[in-house]
Amino acid sequence: MSSTPTRRRGYLPPSRFMRHVVNPVARACGTPTLIVRGRISGREISTPVAPFRFEGDRCVIAGRGETQWVRNLRVAGRCELRIRWRRHPYRATELRGLEHDQVAADYLEKLGRRARPFLAELPDLVDHPIFRLELCEAPVRS
């Protein structure tokens, strides 16, 4: 039996260390965290992310590909971004086509070599969903 995790097309599963150590520590330290309702459970699920600006818009990119938070955000269309323990409501729009490619190129240029580990294992930029986040007035919680 292989100890290598099975990889679906367009998805890079996080390691056990990432899930159980890095992500909880990042959340506890106030790292930007995306909060979205689970599409099945309806519970709030939080995931550390690295939001960035592109031409004045706030965006998030799924460095690990078709993750659960991506699937949840597609269904919900809304999320919250917790930055330094303050929650901000957003509407999310998935970028596609030329706009996706432009944002991905800018992201890679800004991150440089920090993005290489993800791209080495998941090199096709189409496998990295990107969402534009637009600030909402109303809270997301229902």
Side-chain angles (χ1 to χ4, degrees), residues 1-138 140-141:
M1 182 174 199
S2 173
S3 63
T4 306
T6 306
R7 183 183 169 275
R8 289 183 278 164
R9 184 189 177 299
Y11 175 65
L12 181 62
S15 67
R16 183 174 173 81
F17 181 74
M18 182 69 83
R19 280 192 322 265
H20 297 288
V21 177
V22 175
N23 285 349
V25 168
R27 280 187 211 100
C29 291
T31 296
T33 304
L34 185 82
I35 302 164
V36 65
R37 288 216 177 268
R39 63 192 182 283
I40 297 169
S41 70
R43 291 186 339 233
E44 286 186 344
I45 300 167
S46 64
T47 306
V49 293
F52 64 99
R53 294 271 181 196
F54 177 76
E55 296 181 353
D57 292 329
R58 185 176 296 262
C59 298
V60 291
I61 186 168
R64 299 185 100 47
E66 291 285 324
T67 62
Q68 293 298 322
W69 73 258
V70 167
R71 293 173 179 185
N72 290 333
L73 191 52
R74 281 180 181 144
V75 171
R78 296 172 64 107
C79 63
E80 289 184 328
L81 196 56
R82 184 173 58 214
I83 301 174
R84 292 188 182 96
W85 297 280
R86 291 195 64 207
R87 291 168 70 141
H88 307 275
Y90 287 93
R91 268 186 304 281
T93 305
E94 188 168 6
L95 305 181
R96 300 191 186 278
L98 182 59
E99 189 175 20
H100 175 279
D101 297 344
Q102 290 171 336
V103 173
D106 185 65
Y107 176 77
L108 293 176
E109 183 179 313
K110 286 178 182 173
L111 279 184
R113 69 174 186 233
R114 288 183 289 172
R116 286 192 191 119
F118 291 114
L119 295 179
E121 294 188 58
L122 207 57
D124 190 350
L125 289 178
V126 174
D127 288 338
H128 298 276
I130 301 173
F131 293 87
R132 178 186 317 113
L133 302 180
E134 300 170 67
L135 196 57
C136 296
E137 294 298 321
V140 174
R141 290 178 227 133

Rounded to the nearest 0.5 Å, how far does CZ of Arg53 lie from CD of Glu55?
12.5 Å

For Phe131 and Ala92, which heavy atoms make the closest approach, and how far apart are they?
CD2-CB, 4.2 Å

Quick check: do Leu108 and Leu125 have side-chain heavy atoms less than 4.5 Å from each other?
yes

Should Ser46 and Arg82 be marked as a side chain to side chain donor-acceptor pair (under 3.5 Å) after you check the CA-CA gap, both sets of side-chain angles, and the distance that decides it?
CA-CA 9 Å; Ser46 64; Arg82 184 173 58 214; 4.5 Å; no

Closest non-hydrogen atom pair between Pro24 and Met18, with its separation:
CD-O, 4.2 Å

Are the charged groups of Glu44 and Arg87 less than 4.0 angstrom apart, N to O?
yes

Measure from the side-chain N and O atoms of Thr33 to the backbone N and O of Thr31, and report whether any donor-acceptor pair falls under 3.5 Å.
yes

Between CG on residue Asp101 and CG on residue Leu95, distance to nearest 0.5 Å:
10.0 Å

Taking the side chain as everything from C-beta on, heavy atoms only, tell me whether Glu66 gets closer than 4.5 Å to Arg74.
yes

Any heavy-atom pair between the side chains of Arg64 and Pro13 that's under 4.5 Å?
no

So, for Arg132 and Cys59, which heavy atoms are closest and what is the spacing to 0.1 Å?
CA-SG, 4.3 Å

Check whether any side-chain N or O of His100 sits under 3.5 Å from a backbone N or O of Glu94 as a donor-acceptor pair, and report yes or no.
no

In chain order, what residues pass the ring-ring contact (aromatic ring centres under 6.0 Å, His included) check against Phe52, with sequence neighbours excluded?
Tyr107

Quick one: pull up OG1 in Thr93 and CG in Leu73 and give me the separation to the nearest 0.5 Å.
9.0 Å

Is there a side-chain contact (heavy atoms from CB on, under 4.5 Å) between Arg43 and Arg37 once you walk through the steps?
CA-CA 5 Å; Arg43 291 186 339 233; Arg37 288 216 177 268; 5.9 Å; no

Check side chain to side chain contact (heavy atoms under 4.5 Å, CB included) between Leu135 and all other residues, then give those that pass, not counting sequence neighbours.
His88, Tyr90

Closest heavy-atom contact between Trp69 and Leu34?
CE3-CD2, 3.2 Å

Is any side-chain heavy atom of Gln102 closer than 4.5 Å to a side-chain heavy atom of Phe54?
yes

Say whether, by atom type as modelled, one donor and one acceptor occur between the side chain of Arg39 and the main chain of Arg71 under 3.5 angstrom.
no

Within the structure provided, determine whether Leu81 and Pro51 are in side-chain contact (heavy-atom separation under 4.5 Å).
yes

Cys79 versus Leu133, closest heavy-atom pair with distance:
SG-CD2, 3.8 Å

Compare every heavy atom of Pro32 with every heavy atom of Ile83, then report the nearest pair and how far apart it is.
CG1-CB, 4.4 Å

